[in-house]
Amino acid sequence: MDTVKNILSTSFSLALARAYPTICDADAMIQLAKQPQFGDYQANFAMVMAKRIKQAPYDVARRVVQQLGTSDVWDKLEIAGPGFINISLSDAFLQTRLQLLLSDNRLGIPLSTSPQVVVVDYSGANVAKEMHVGHLRSSIIGDTIARVLDFQGHRVTRQNHVGDWGTQFGMLIEYMIQTKQQDTATRQITELNALYKQAKQKFDVDEDFATRARARVVALQGDDKQTTEIWKGLVAISKEHFNDIFTRLGIGLRDEHIRGESFYNDRLADLTQELEHDALARVDQGALVVELEGFIDRDDNPLPLLVRKSDGGYLYATTDLAAAKFRIEVLGADRIVYVTDARQAQHFAMVFAVLDKAGWVSEQVSLEHVSFGSMLGKDKKPFKTRSGEMISLASLLDEASERAARVLRDKNSDLSSTEVVTLASNIGVAALKYADLKTERIKDYMFSWERMIAFEGNTAPYLLNAYVRILSVFRKGCLTLQEVVEAGGRIVITNGRERELAIRLLELPDVVETLGKELLPHRLCNYLYALASTYHRFYEACPVLLADTIELQHSRLALSALTAQSLKQGLELLGIHTVDKM
Ligand code: ARG
């Protein structure tokens, strides 16, 4: 099923080609109308085209409108301002499209015609440390991206690039052995956190310990039995911790998605040799570096990418080069999406540049750093506890459900206490995720329990409640959502409120399509909020069960069902599950 935007784009592109046969690459630039009073959609190509062919935009627009003639899709095309074309869709078109949506369980969201293999690299927490808010954002945003691309029919490979290798493990393991705490069987992640801190302190002051820690790294790399055993124990505890968080958060990452830094360790020697051999890298004071154009350090000196230290050790970037190569060559990736905070922007830019320079990535493969800002506390500083510690995700999740439970109890006394508990954990998680996703990801955002748990405004509780309210309309009519959908009432547009809702409902496929390209989840959030508000206005103005005629009642029930389904599907793509009452 084609989206409204695509249907309009096709008609307009054909007309453009007929009006200007020598120009074959013009885009009709169709978008939803900025000001609904002038139309539903608009085409903005005339200004761009006019510049190219040195004519007045108004004349360009008129010529294309003449070519367009009449159609079932629109009632009216109007040229406004310098050359915008306002498009008013016909009620007949809206009705037919909505009827199609009603019988389509994808709600008109198209499957990609050219499905890709997409690697989504997200979460990426570090072994032996508790996950913190940075990993929370990556997990939430990455999971949404994976869900959306999956739904579009792409072959998504989720990769959890955990930090499970490097000098810090030599330090931690050595410390555990020295203090006779190497038994990992019963240890908790929080204890590892503490041990890690102690080990680091010792490492910084105790030269002898530092030397032994370095030797321990060599032992780990050399597969020494005792060292490897402890390391495996650390990995196992961490995995359990990650899985626990993922389950609670409803994040689709499992053990099979973990391909940590250690996985690539064996490939680093060959990789750096290849760079050296092809004269792409050179030795500089014992270290191996790749020179790159366009990167400078703080003092404006050229900044190369370091791929091997003078002591022979490899770096985070070296591993990322190996990982990208593996994903392209072995996993067959057409697109790799890295979800990390914005501070890693330069790291990825440099890694991408080296991949390009070495010819390891063809032009068909797209590498994208999906970056995000920080989560800030009320003091506008990075979100921490009062004592300045990182806030653990586990405690954040506990607080989310406690707060949601409180709000539920205040609002609705009909719920049993078990209902409150189950609902609260779902709503708490939903609120937490949604607050993160609704901000344009590149911006920092301020963490506020009050705002995210509120039933008013652009929040998860508001959207979940909008869904619940539609279900309760059905319940009053002794119907279920399923029954209304299956009845497939004939949709008729009889007033402006119905029309406004119709236009919104038909927009979802385009919103999802854009999301798959731009990877900006806040656009979907804004859409869902607009949809819920539009439904609210419709509901205030248009009696559903008490409509004047039975035909009208069926039509409005169908519009309500489509709204409920769109909310459910949209939230599902954000990794949020709807509830049936609250
Ligand atoms: N472990 C890294 C960190 O905590 C994130 C890994 C992101 N993925 C990657 N391929 N570098 O910052």
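When a ligand or atom number is given, it counts from 1 through the structure's own listing order. These numbers come from a predicted model, not from an experiment. All heavy atoms count here, side chains included; hydrogens, waters and symmetry mates do not.
With Asp341 contributing its side chain and Phe372 its backbone, the two residues share no donor-acceptor pair below 3.5 Å. With His257 contributing its side chain and His161 its backbone, the two residues share no donor-acceptor pair below 3.5 Å.
A side-chain N or O of Gln181 and one of Thr179 form a donor-acceptor pair less than 3.5 Å apart.
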Identify each donor-acceptor pair in which a side-chain atom of residues 192-199 lies under 3.5 Å from a protein atom, sequence neighbours left out, and give them as a table.
from   : atom 1 : to     : atom 2 : distance (Å)
Asn193 : OD1    : Glu130 : N      : 3.3
Asn193 : ND2    : Glu130 : OE1    : 3.1
Gln198 : OE1    : Tyr175 : OH     : 3.0

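For residues 294-311, there are no side chain to side chain donor-acceptor pair (under 3.5 Å) pairs, not counting sequence neighbours. For the side chain to side chain donor-acceptor pair (under 3.5 Å) condition, the pairs that include at least one residue of residues 355-380, sequence neighbours left out, are Glu274-Trp360, Arg335-Glu368, Thr340-His369, Ser366-Glu368.
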N or O contacts of ligand 1 with protein under 3.5 Å, please list pair by pair.
from     : atom 1 : to     : atom 2 : distance (Å)
ligand 1 : 1 (N)  : Gly124 : O      : 2.7
ligand 1 : 1 (N)  : Asn126 : OD1    : 3.0
ligand 1 : 4 (O)  : Gly124 : O      : 3.3
ligand 1 : 4 (O)  : Asn126 : ND2    : 3.2
ligand 1 : 4 (O)  : His135 : NE2    : 3.1
ligand 1 : 8 (N)  : Asp121 : OD1    : 3.1
ligand 1 : 8 (N)  : Asp121 : OD2    : 3.4
ligand 1 : 10 (N) : Asp121 : OD2    : 2.7
ligand 1 : 10 (N) : Asp320 : OD1    : 2.8
ligand 1 : 11 (N) : Tyr316 : OH     : 2.7
ligand 1 : 11 (N) : Asp320 : OD1    : 3.4
ligand 1 : 11 (N) : Asp320 : OD2    : 2.8
ligand 1 : 12 (O) : Gln344 : NE2    : 2.9

